[in-house]
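All residue numbers in this chain count up from 1 along the given sequence. Please read these numbers as outputs of a predicted model, since none were measured by experiment.
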Amino acid sequence: MWLHQELSKKKVQYYFCGGFACINVGMTARTTADIDIAVPNGAVGYGTLLDMFSTGPFVKHGDNHYFYVATTGSFVEVDGIIAGWQAFPELTKARILKVGNPKNPELQLAFLEPAGLLRLKLSTWANETRRNSPKRSGDMSDIASIRDLLISNLRDQGKKMQLVKTLDAQMKKGLKDWIREFQDLATWQALDASITA
């Protein structure tokens, strides 16, 4: 909430992504040790975020920034990302969900919507090093949970998604690698019938 309030005061648009977002809008049943937040490039964006990282309640250790949570007495790693870098969509192109109290916009956090999160996760799945790292189980949980959530939502609406048309080459590779490993093409086709092995 502090990040949201400070960025809002400074008029910096943002969206949460990664595991924190997957838990909050992707219905992923897992925990995460960090928070990923994407902001625009430039002085009023990534520069502002770096300025925030250099003061309390942040502590820097190595290349990482940790936010001190006074209520629990613990630290949470916060990763700043430039929106538009690699697979992270620019803020003008990202679909954002506001989560929180609709009567009080100041208390609504901004998250990348589930289909955007799925695209990001497929992009990371294409990276064999990451796929075989300690992040594997979280990524597996995120991809399966978000995919199943999207299938359920679309089934309720009597629709399917055109996922393949929205994927870049890296994301398509991640999807193919996933299907090859888990042999679940039929499940993916419930989301988008054009998906092939």
Side-chain angles (χ1 to χ4, degrees), residues 13-32 34-40 79 81-102 105 108-133 135-197:
Q13 292 182 306
Y14 75 90
Y15 60 79
F16 289 111
C17 50
F20 179 67
C22 292
I23 292 163
N24 282 280
V25 299
M27 302 304 169
T28 301
R30 72 174 183 101
T31 60
T32 186
D34 68 347
I35 295 173
D36 300 304
I37 186 165
V39 295
D79 296 324
I81 299 156
I82 296 172
W85 176 73
Q86 291 190 349
F88 296 91
E90 294 175 24
L91 279 136
T92 55
K93 297 177 182 174
R95 288 195 52 217
I96 306 295
L97 291 179
K98 298 284 187 166
V99 176
N101 184 345
Q108 290 185 318
L109 304 180
F111 292 92
L112 187 60
E113 51 87 29
L117 292 170
L118 181 59
R119 285 188 286 274
L120 276 178
K121 288 294 180 171
L122 289 172
S123 178
T124 61
W125 195 259
N127 181 319
E128 189 173 346
T129 302
R130 177 173 169 119
R131 198 168 58 233
N132 294 312
S133 77
K135 298 217 176 234
R136 176 181 173 83
S137 106
D139 288 344
M140 286 172 55
S141 179
D142 294 341
I143 290 169
S145 294
I146 296 168
R147 177 201 59 200
D148 295 348
L149 171 69
L150 291 170
I151 290 169
S152 176
N153 289 347
L154 292 167
R155 186 179 303 133
D156 291 348
Q157 300 168 19
K159 296 180 181 179
K160 288 207 179 188
M161 180 179 192
Q162 294 187 335
L163 179 67
V164 174
K165 288 184 178 182
T166 67
L167 302 180
D168 67 17
Q170 184 81 355
M171 295 168 191
K172 287 178 182 175
K173 180 185 180 315
L175 177 59
K176 288 201 177 294
D177 290 347
W178 175 281
I179 292 170
R180 186 178 316 111
E181 182 170 346
F182 296 105
Q183 299 295 306
D184 59 352
L185 176 61
T187 304
W188 284 97
Q189 288 176 332
L191 180 63
D192 179 347
S194 73
I195 294 174
T196 59

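Atoms CG and CG, on Leu150 and Leu191 in that order, are 6.0 Å from each other to the nearest 0.5 Å. To the nearest 0.5 angstrom, Asp139 atom CG is 4.5 Å from Thr124 atom OG1. Considering CG of Asp79 and CD1 of Ile35, their distance stands at 9.5 Å, rounded to 0.5 Å. Rounded to the nearest 0.5 Å, atoms CD1 (Ile23) and CG (Asp142) are 7.5 Å apart. Annotation: the span from Leu91 atom CG to Ile96 atom CD1 amounts to 5.5 Å, rounded to 0.5 Å. Leu117 CG to Arg95 CZ: the interatomic distance, rounded to the nearest 0.5 Å, is 11.5 Å.
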Checking side-chain contact (heavy atoms from CB on, under 4.5 Å) for the pair Ile37/Ile81: CA distance, chi angles, key distance, verdict? CA-CA 6 Å; Ile37 186 165; Ile81 299 156; over 6 Å; no
List the steps and the verdict of salt bridge (Lys or Arg N to Asp or Glu O under 4.0 Å) for Asp177 and Arg180. CA-CA 5 Å; Asp177 290 347; Arg180 186 178 316 111; 2.9 Å; yes
For Lys165 and Asp192: C-alpha separation, side-chain torsions, deciding distance, then whether salt bridge (Lys or Arg N to Asp or Glu O under 4.0 Å) applies. CA-CA 10 Å; Lys165 288 184 178 182; Asp192 179 347; over 6 Å; no
Hey, mind stepping through Leu154 and Lys159 against side-chain contact (heavy atoms from CB on, under 4.5 Å) and telling me if it holds? CA-CA 5 Å; Leu154 292 167; Lys159 296 180 181 179; 4.1 Å; yes
Taking it one step at a time, do Tyr14 and Leu109 satisfy side-chain contact (heavy atoms from CB on, under 4.5 Å)? CA-CA 9 Å; Tyr14 75 90; Leu109 304 180; 4.0 Å; yes
Before giving the answer on side-chain contact (heavy atoms from CB on, under 4.5 Å), spell out for Thr196 and Val164 the whole-Å C-alpha distance, their side-chain angles and the decisive distance to 0.1 Å. CA-CA 10 Å; Thr196 59; Val164 174; over 6 Å; no
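When all heavy atoms are compared, the tightest approach of Cys22 to Ile146 is SG-CD1, 3.6 Å. In terms of heavy-atom proximity, Ala83 sits nearest to Pro89 at CB-O, 3.4 Å. Residues Phe88 and Ile82 approach most closely at CB-O, 4.3 Å, considering heavy atoms. Residues Lys98 and Ala110 come closest through the heavy atom pair NZ-CB, 4.2 Å. Scanning both residues, Met161 and Ala115, for their nearest heavy atoms gives CE-CB, 3.3 Å. For Trp178 against Ala144, the heavy-atom pair with the smallest separation is CH2-N, 4.3 Å.
Between Arg131 and Glu181 there is a side-chain heavy-atom pair separated by less than 4.5 Å. Trp125 has its side chain out of reach of Met171: every pair of non-hydrogen atoms, C-beta onward, lies at least 4.5 Å apart. Residues Thr187 and Ile151 are in side-chain contact: their nearest non-hydrogen atoms beyond the backbone lie under 4.5 Å apart. The shortest side-chain heavy-atom distance between Leu163 and Ile195 falls under the 4.5 Å cut-off. Counting only heavy atoms from C-beta outward, the side chains of Asn127 and Ser133 never approach each other to under 4.5 Å. Residues Leu118 and Ile143 are in side-chain contact: their nearest non-hydrogen atoms beyond the backbone lie under 4.5 Å apart. Contact annotation: the side chain of Val99 never approaches that of Asn24 to less than 4.5 Å [non-hydrogen atoms, C-beta and beyond].
Remark: Arg30 CZ is packed, more than 12 non-hydrogen atoms of other residues, nucleotides or ligands lying under 6.0 Å away. Within 6.0 Å of the CD atom in Gln162, the count of heavy atoms belonging to other residues, nucleotides or ligands does not exceed 12. Atom CD of Gln108 has more than 12 neighbouring heavy atoms from other residues, nucleotides or ligands inside a 6.0 Å radius. The environment of NZ in Lys135 is sparse: at most 12 heavy-atom neighbours from other residues, nucleotides or ligands sit within 6.0 Å. Counting non-hydrogen atoms of other residues, nucleotides and ligands closer than 6.0 Å to CD of Glu128 gives a total of 12 or fewer.
No donor-acceptor pair closer than 3.5 Å links the side chain of Ser141 to the backbone N or O of Gly138. Here the side chain of Lys173 pairs no donor or acceptor atom with the backbone of Ser123 at under 3.5 angstrom.
Residues satisfying the side-chain hydrogen bond (donor to acceptor under 3.5 Å, both in side chains) criterion with Arg119, sequence neighbours excluded, are Glu113, Thr166. Take Phe111 and apply the ring-ring contact (aromatic ring centres under 6.0 Å, His included) test, not counting sequence neighbours, and it matches Phe16, Phe20. Under the side-chain hydrogen bond (donor to acceptor under 3.5 Å, both in side chains) criterion, Asp36 pairs with no residue, sequence neighbours left out.
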